Trainee: 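Below you will find the structure I want to go over with you.
A note on names: the letters A, B, ... follow the listed sequences, proteins ahead of strands, and every chain is numbered from 1. Here the structure is a predicted model, which means the values were calculated and not measured.
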Protein chains: 2
Amino acid sequence: MAESWSFLDTFEPNFRPLVVIELAKGTKEETIEWFTKRIVDKKANGGAQLLVKPLVMENGGEHIYLVGASTLRLLLGAETVGLVKECNDNSMRTFTYSSRKTFKDFADDNPNFLTMAECQYIIKHELENLRAKDEKMIPGYPQAKLYPGKSIVRRLLTSGILVQIFPLHDREELKKLCHTWYGRVKVDYQPLDEIRCYFGETIALYFGFLEYFTFALVPMAVIGIPYYVFAWEDYDKYVLFATFNLCWSTMILEFWKRMCATMTYRWGTLLMKRQFEEPRPGFHGVLGINPVTGREEPVYSSVKRQMRIYLVSLPFVCLCLYFSLYVMMIYFDLEQWALDYHEENESNFSSLMLFVPSIIYAVVIEIMNRIYRYAAEFLTSWENHRLESSYQNHLVLKVLVFNFLNCFASLFYIAFVLFDMKLLRQSLATLLITSQILNQFAESLLPYWLQKRYKKRMKKHICSLKTDKDLPLVEQVSLEKEMGTYVGTFDDYLELFLQFGYVSLFSCVYPLAAVFAVLNNITEMYSDALKMCRVYKRPFAEPTANIGVWQLAFETMSVISVVTNCILIGMSPQVNALFADSKTDLILTVALAEHLLLALKFIMAFIIPDKPRSIQLQLAKLEFESLEALKQQVRATDVYIREK
Amino acid sequence: MAESWSFLDTFEPNFRPLVVIELAKGTKEETIEWFTKRIVDKKANGGAQLLVKPLVMENGGEHIYLVGASTLRLLLGAETVGLVKECNDNSMRTFTYSSRKTFKDFADDNPNFLTMAECQYIIKHELENLRAKDEKMIPGYPQAKLYPGKSIVRRLLTSGILVQIFPLHDREELKKLCHTWYGRVKVDYQPLDEIRCYFGETIALYFGFLEYFTFALVPMAVIGIPYYVFAWEDYDKYVLFATFNLCWSTMILEFWKRMCATMTYRWGTLLMKRQFEEPRPGFHGVLGINPVTGREEPVYSSVKRQMRIYLVSLPFVCLCLYFSLYVMMIYFDLEQWALDYHEENESNFSSLMLFVPSIIYAVVIEIMNRIYRYAAEFLTSWENHRLESSYQNHLVLKVLVFNFLNCFASLFYIAFVLFDMKLLRQSLATLLITSQILNQFAESLLPYWLQKRYKKRMKKHICSLKTDKDLPLVEQVSLEKEMGTYVGTFDDYLELFLQFGYVSLFSCVYPLAAVFAVLNNITEMYSDALKMCRVYKRPFAEPTANIGVWQLAFETMSVISVVTNCILIGMSPQVNALFADSKTDLILTVALAEHLLLALKFIMAFIIPDKPRSIQLQLAKLEFESLEALKQQVRATDVYIREK
């Protein structure tokens with residue numbers, strides 16, 4: 001079968017295009033020939049043994065290739081990447097080609113055993129693992145150096161020859177997905193399993209978290225409304241609400257872990273073994289020996305990196321934090337000015353003016369967050385981390401610290417320095433609502449509108465040309481390749497994280513925050529869905545078993561919120577009235593309550609198991625089986641040795 | 001080779017006795033025959049394929065058997081239990097018989113490739129995994145029921161037919177070990193690697209921790225001495241000492257993890273896969289199907305167990321805690337009485353009387369701790385946990401909570417209710433020193449003395465008999481079988497845990513505590529070494545990779561100590577003088593400092609990696625290799641399928 005493939009014009013009758021490769025205009029012929037040969041070449045010769053088909057574009061200058069693979073090839077690839085699928089006995093197992101018959105829904109003529117997202121993930125993995133053998137450079141580009149074992153695709157990308165690789169949408173599937181997801185009016189859960197099949201686990205997990213988080217906020221919102229409406233500010237109701245919030249936020253974070261384990265078990269990623277991480281594309285250094293793999297690859301001194309982190313990045317971050325505090329002080333000056341103005345000439349206009357500083361500040365915060373984000377990305381990339389995961393961790397840390405301070409410093413200042421609860425409530429409301437509106441607009445509506453405009457123009461353009469065959473595919477590819485690239489769930493989680501801060505840090509001052517958060521998240525679900533389906537290129541599926549560092553970030557926020565809420569309650573006039581004769585007693589009581597709540601939190605986190613019992617059982621079963629299999633193997637050797 | 005073994009009188013020329021089996025007096029002949037047949041029978045027939053030799057005792061009534069194994073059998077057993085050994089290239093790998101030539105020091109004629117402790121561990125594992133096939137009961141004992149898959153040795157133990165199984169000492173080795181360990185005067189580290197070879201990893205890790213902890217206390221002791229001698233009680237020095245203590249205790253716990261990883265990597269247990277856990281010997285229930293293994297075995301309802309835990313154990317523990325507080329109040333009455341007495345008739349005798357209540361209380365605390373310990377063991381065993389690990393966790397939790405309260409409640413009361421720093425210092429000193437003296441006596445000296453007396457009597461007895469051959473072995477076995485059984489490191493860790501509490505909780509009040517702790521631990525090292533080598537039966541080696549739940553316990557203690565020390569500093573007259581005008585400011589400052597210190601603690605714990613970089617590299621290397629091996633395997637299948 002493999003023998004029948006020729007190089008460029010490989011075209012099986014049932015060729016299904018999965019991934020698009022776009023090469024730069026004017027790429028040399030010899031490079032193209034070499035690259036495509038490597039893609040279709042047999043595994044034994046160091047190729048990827050995939051199928052490639054050039055796409056003929058009308059304007060000629062572009063080199064676009066469609067990549068696909070035979071079903072057999074995909075199944076073998078599934079074994080290589082270590083996919084976990086459901087078996088006939090409903091247990092989840094690592095797929096191997098030799099045991100394929102034991103898997104649910106497997107049939108030699110069933111092309112849907114692997115989802116399209118999985119197929120595309122496999123192809124991406126195979127392409128990225130296409131490695132240089134004895135080539136010293138990319139043919140035709142002497143400046144693009146290669147060394148044995150270097151990923152060809154990564155070098156092509158960094159040297160600009162390869163413009164992009166992206167997976168194709170499946171229009172039929174997408175239509176179906178859109179319909180069940182957001183296309184009809186319904187009160188229903190999101191179709192997470194379908195989202196996972198189409199977009200992969202990372203994105204499905206984000207939407208799962210968004211949905212879960214929204215539902216989890218509903219009780220807080222429901223309890224919060226009467227507090228706002230009836231202006232309940234009695235001591236006991238107040239404390240009750242705050243205590244409920246604290247326990248609730250601990251519980252939802254703990255239960256999310258269980259829910260996440262349940263989902264990712266069903267999706268197979270909970271059991272998937274971590275792949276060995278390659279250096280990230282931007283990593284550079286002098287050629288050396290990797291101590292782990294023993295392979296020759298670029299090596300960068302860890303001391304130099306530490307110096308860059310501590311001598312440049314850290315001072316820069318501190319400077320930014322200082323700047324953010326400085327801007328905050330300007331905001332308070334403005335606020336004071338508006339107040340003075342309102343007092344001098346009281347009118348409708350002047351009372352409206354009262355909100356202006358907050359709104360300006362909210363906008364400035366958003367802008368600063370975005371600018372800082374670019375700076376953080378630049379710095380983290382300059383720190384030259386070897387692994388993508390380490391890059392991500394340093395980026396997340398930088399961004400989180402700044403965003404936290406930028407968004408909440410003014411609120412902390414108002415609450416704990418100015419002691420102005422009225423202003424706190426007002427600022428909180430303005431900040432929360434403004435940032436939500438801005439986010440919705442910048443994230444989804446604007447790109448959607450741009451996309452729509454571009455699509456219309458594109459359609460006209462294509463209709464004006466009179467090509468015949470392959471038109472839908474040509475049209476689809478040229479549309480999709482111009483779409484924006486979805487850079488990952490980082491911004492979406494960050495938004496939720498800040499929202500969680502607004503809701504929980506000062507929950508007892510502004511119980512309505514949860515209501516706004518719920519409303520925002522419902523629209524967010526729809527706008528994010530729209531964004532994924534219509535605005536951006538389809539992203540490659542990324543198997544993942546949890547929300548990673550965000551779990552930690554949310555938990556830290558919930559610890560901080562215990563402290564802030566205890567202080568706020570201690571500062572409320574009702575509680576102060578209770579301890580009228582001794583302020584010392586008040587503070588001691590608050591401190592004691594805070595410590596007890598924190599202890600309760602940690603005990604709860606410790607007691608609630610991270611995985612539901614059924615999943616624990618399944619995992620224990622698998623472990624037991626693998627131990628038994630090992631024993632069988634030992635016994636077999638045993639018998640073998642005795643018989644000799 | 002296996003064919004040449006006959007049943008009872010198997011005796012190879014190079015038979016080396018490793019493990020002793022003692023059957024009850026009057027055990028039926030048919031039982032003995034069946035049991036020994038199962039031990040020597042071939043693996044294929046469900047036997048353990050070990051060697052057995054009866055030991056002829058002069059008084060006849062006892063049935064004592066020595067168990068050994070051929071070198072080949074032990075090597076195969078090492079593969080079964082998953083031992084990790086060092087390879088020729090200095091990396092650690094799981095031992096397999098087929099790859100035996102790649103391991104360091106392996107030679108077909110080298111019997112010391114496996115340490116004696118490892119050999120005994122393998123034999124224990126093989127004996128415990130000797131399972132019933134179609135026997136319905138133990139032959140000769142119809143009441144001792146069996147079912148397919150039931151461990152025969154465990155049933156024999158629970159029905160009292162098997163009195164004990166224990167590993168033999170190696171007199172030569174033991175002599176050498178004693179000499180290097182405590183037999184000569186020296187200033188040196190303990191020979192941890194030799195201890196590990198002789199006693200196994202769990203015990204070596206305890207001694208490693210004891211040594212590490214003692215060294216870690218030295219700086220605190222050294223800094224503490226001048227505070228005591230010169231009675232430095234200036235504010236700044238005070239705060240400095242407490243802050244140093246807090247950071248130090250966090251650091252030593254973090255660095256212990258690294259040190260532990262380094263040691264257990266070298267010993268191979270860091271890489272050892274967890275074995276599937278069998279139900280613990282005491283577990284009982286009705287026959288059912290285990291959901292994990294699918295095997296028939298006793299099953300006990302988890303609801304029933306929860307009811308026993310929450311409706312019986314929990315109230316009992318609370319009652320004990322209440323009782324302990326009640327005893328504490330009596331102590332304070334006594335203390336008051338002694339004080340009154342001293343004031344009325346002042347004399348040397350009366351000032352000595354001042355210490356009496358504390359000493360009595362310390363003794364009572366020790367007694368209560370020991371009684372409670374038995375109750376906790378009884379209750380936890382009655383809760384009928386299926387796994388030994390779950391039994392241990394529940395026991396540790398019960399014992400820790402009670403001991404913590406019992407030992408520290410009076411100190412907390414004195415510090416934070418009576419505000420009597422002088423009394424606190426005096427109580428702390430008395431409690432610490434008394435408990436240390438009591439422990440040393442009860443743990444080591446008393447058993448050693450009893451043992452010595454018994455040994456003398458035994459020697460006389462044996463000399464009076466006139467047996468000839470095998471005398472040293474007969475003598476050794478009859479001596480060792482009467483020695484006490486070492487029940488594990490629990491009590492030793494608990495002692496260290498409480499000591500850590502005395503040192504860290506109130507460190508700024510009594511800086512000398514660390515000095516006493518260091519002195520105690522140095523003698524403790526010697527007395528524990530003596531205990532292991534001379535007082536108790538040799539324990540079976542138990543592979544382990546860390547100190548488990550104790551790490552968590554020590555960390556919790558260090559968090560609590562941050563809180564107590566901050567409060568103590570806040571209460572000191574020097575600090576109070578600083579905030580003379582506002583007590584509120586004082587409390588707020590203390591609370592702020594406490595929160596900052598706690599945050600610092602968590603950040604430090606987060607930043608310091610749990611494993612040193614070199615170990616991380618080694619682990620990454622192994623992971624990489626196994627992934628590569630998997631890929632090779634996939635590739636092989638790949639080629640295989642293509643060729644078909």
Trainee: Please check if atom OH in Tyr310(B) has more than 12 non-hydrogen atoms from other residues, nucleotides or ligands closer than 6.0 Å.
Mentor: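 Atom OH in Tyr310(B) is not packed in, count stays at 12 or less.
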
Trainee: What residues of residues 585-595 of chain B sit under 4.5 Å from chain A when only non-hydrogen atoms are counted?
Mentor: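 Residues Ile587(B), Leu588(B), Glu594(B), His595(B) are the ones that qualify, each having a heavy atom under 4.5 Å from chain A.
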
Trainee: side-chain contact (heavy atoms from CB on, under 4.5 Å) between Phe606(A) and Leu552(B): does it pass, once the steps are laid out?
Mentor: CA-CA 11 Å; Phe606(A) 187 74; Leu552(B) 188 68; 3.5 Å; yes

Trainee: Quick one: what part of Val559(B) sits under 4.5 Å from any heavy atom of chain A, side chain, backbone, both or neither?
Mentor: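 Neither part, no heavy atoms under 4.5 Å.
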
Trainee: Between Asn290(A), Leu617(A), Thr293(A), Thr584(A), which shows the greatest number of heavy-atom pairs under 4.5 Å with chain B?
Mentor: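 Most pairs with chain B among the choices: Thr293(A).
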
